[in-house]
Amino acid sequence: MTTVTRTPDQKLPVSFYSGDTLGVARNLLGKFLVRKTAGGAMVGKIVETEAYHEVGDPSCHAHRGMTARNAVMFGPPGRLYVYFTYGMHYCMNIVTEKEGVAAAVLIRALEPVAGIPLMQKNRGPKAIEKNLANGPAKLCQALAITTAQNGHSLQSDDLYVSNGETVLDADVVTTTRIGISAGADLPWRFYLRGNPFVSKK
DNA sequence: ACTGCGATGTCCT
DNA sequence: GGACATCGCAGTT
């Protein structure tokens, strides 16, 4: 018999995030994002990511240098970069690369694993399980993440990424990013092949 | 199924 | 003043 061991409370170390952004984006697939709030704990498996980098990527918020909004991207790796967009939505990124290099991985979709009733409460009565976290703004709403968490360390106890499932290269699809115009040709989006919680096909 | 578009605040030119 | 790493609703095929 085969035993699958999961260690959902083992945080990924800062060194996991400090390297090449494309590699981090790929390797975040299958990991568990853990969020604890006053209402309870939630866990989602990361099933879709996108890489953003100040160098060679005109769609990166930091492409034209540091501003008040993107400053966290220039800081140390393993922290959260959360921004507000379209007048009503939040998106969360994980900062990568060494301090001084602005880069991050956008978390685009989660497969709900635990705390699903709380995610539904956060998302509102119209959300069903399939739609709880299959988009960057939806998952922030499900996990109660706003700009209040901008700069938040993933070594904290209320918001972190833990070891998850091993993902084979054969199960990773690499393609272009969604919802951007500049840099639309870069193959910097990664998702789990066939996973029903990916935001789009 | 698909397509178009309104909401709504902040950032940056 | 335009753009925006989005979402959900309304209308059509």
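Numbers restart at 1 for each chain; the letters A, B, ... are given by sequence-line order, proteins then strands. Just so we're clear, the structure is a prediction, and the values are computed from it rather than from any experiment.
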Review point. Hey, which of these two, A:Tyr52 or A:Gln141, hits DNA chain C nearer its 5' end, going by closest nucleotide?
Key: A:Tyr52
**Study point:** Contact under 4.0 Å: A:Lys126 side-chain N or O vs C:dC7 OP1/OP2
**Key:** no
Practice item. Counting heavy atoms from C-beta on, name the nucleotide in C:dT6, C:dG8, C:dA5 closest to the side chain of A:Asn93. Key: C:dA5
Point to revise | Euclidean distance for P, C:dA5 against B:dT3 (whole angstrom) | key: 23 Å
Review point. Just how far, in rounded Å, is P of C:dA3 from NE2 of A:His63?
Key: 18 Å
Revision key, fill the gap. Of the candidates C:dG8, C:dT6, C:dA5, the side chain of A:Lys138 sits closest to C:dG8
Check your understanding: Starting at CG of A:Leu132 and ending at P of C:dG8, how long is that distance when rounded to a whole Å?
Key -> 11 Å
Revision key, fill the gap. In whole angstroms, the gap separating P of C:dG8 from CD1 of A:Ile128 amounts to 11 Å
Study note, to complete from the structure: Atom OH of A:Tyr86 and atom P of C:dG2 are separated, to the nearest Å, by 16 Å
Point to revise | Integer-rounded Å distance: C:dC7 P and A:Lys130 NZ | key: 16 Å
Practice item. For A:Arg35 and A:Asp158, run salt bridge (charged side-chain N to carboxylate O under 4.0 Å, His left out): C-alpha distance rounded to whole Å, both residues' side-chain angles, the deciding distance at 0.1 Å, then the answer. Key: CA-CA 5 Å; A:Arg35 171 66 166 150; A:Asp158 61 335; 3.8 Å; yes
Exercise for review: Please tell me which of A:Asn131 and A:Ile180 maps to the more 5' nucleotide of DNA chain C, matching each residue to the nucleotide holding its nearest heavy atom.
Suggested key: A:Ile180
Review point. Do A:Glu54 and A:Met73 come within less than 4.5 Å of each other through their side chains, counting heavy atoms only?
Key: no
Check your understanding: In whole angstrom, what separates A:Lys200's NZ from C:dT6's P?
Key -> 7 Å
Review point. Hey, what else clusters with A:Ile180 if you join Ile, Leu, Val, Met, Phe, Trp, Tyr whenever side-chain heavy atoms sit under 4.5 Å?
Key: A:Tyr52, A:Leu106
Check your understanding: Is A:Asn195 close to A:Glu111 at the side-chain level, that is, under 4.5 Å between some pair of heavy atoms?
Key -> yes
**Study point:** Along DNA chain B, first and last positions that approach a heavy atom of chain A under 4.0 Å
**Key:** B:dA7 to B:dT13
Exercise for review: Give DNA chain B the dot-bracket treatment, 5' to 3': Watson-Crick (N1-N3 with N6-O4 or O6-N4) or G-U (N1-O2, O6-N3) under 3.5 Å, [ ] crossing, | other strand.
Suggested key: |||||||.||||.
Check your understanding: Is it true that the NZ or CZ of A:Lys11 lies under 6.0 Å from the centre of A:Tyr160's six-membered ring and within 45 degrees of the ring axis?
Key -> yes
Point to revise | Flag side-chain contact, heavy atom, 4.5 Å: A:Val82 against A:Asn93 | key: no
Exercise for review: Inspect the surroundings of CZ in A:Arg64 and state if more than 12 heavy atoms from other residues, nucleotides or ligands are less than 6.0 Å away.
Suggested key: no
Practice item. Just call it for A:Phe84: base, sugar-phosphate, or nothing, with non-hydrogen atoms closer than 4.0 Å on any strand. Key: sugar-phosphate
Point to revise | Separation of C:dA3 P from A:His61 NE2 (nearest whole Å) | key: 15 Å
Exercise for review: Would you tell me if any nitrogen or oxygen in the side chain of A:Arg108 comes within less than 4.0 Å of OP1 or OP2 on C:dT6?
Suggested key: yes
Check your understanding: So do the side chains of A:Thr49 and A:Arg189 get within less than 4.5 Å of each other, counting heavy atoms only?
Key -> no
Exercise for review: Round to the nearest Å and state the distance from A:Arg123 atom CZ to C:dT6 atom C1'.
Suggested key: 11 Å
**Study point:** Among A:Val24, A:Leu28, A:Leu22, A:Val101, side-chain contact (heavy atoms from CB on, under 4.5 Å) partner for A:Thr96
**Key:** A:Val24
Review point. What distance, rounded to whole Å, do you find between the two P atoms, one in B:dG6 and one in C:dG2?
Key: 15 Å
Review point. Should A:Ser181 be listed as having a side-chain N or O under 4.0 Å from OP1 or OP2 of C:dA3?
Key: no
Review point. Is the closest side-chain heavy-atom distance between A:Glu97 and A:His53 below 4.5 Å?
Key: yes
Practice item. Using a cut-off of strictly less than 4.0 Å, decide whether A:Arg69 has a side-chain nitrogen or oxygen near OP1 or OP2 of C:dA3. Key: no
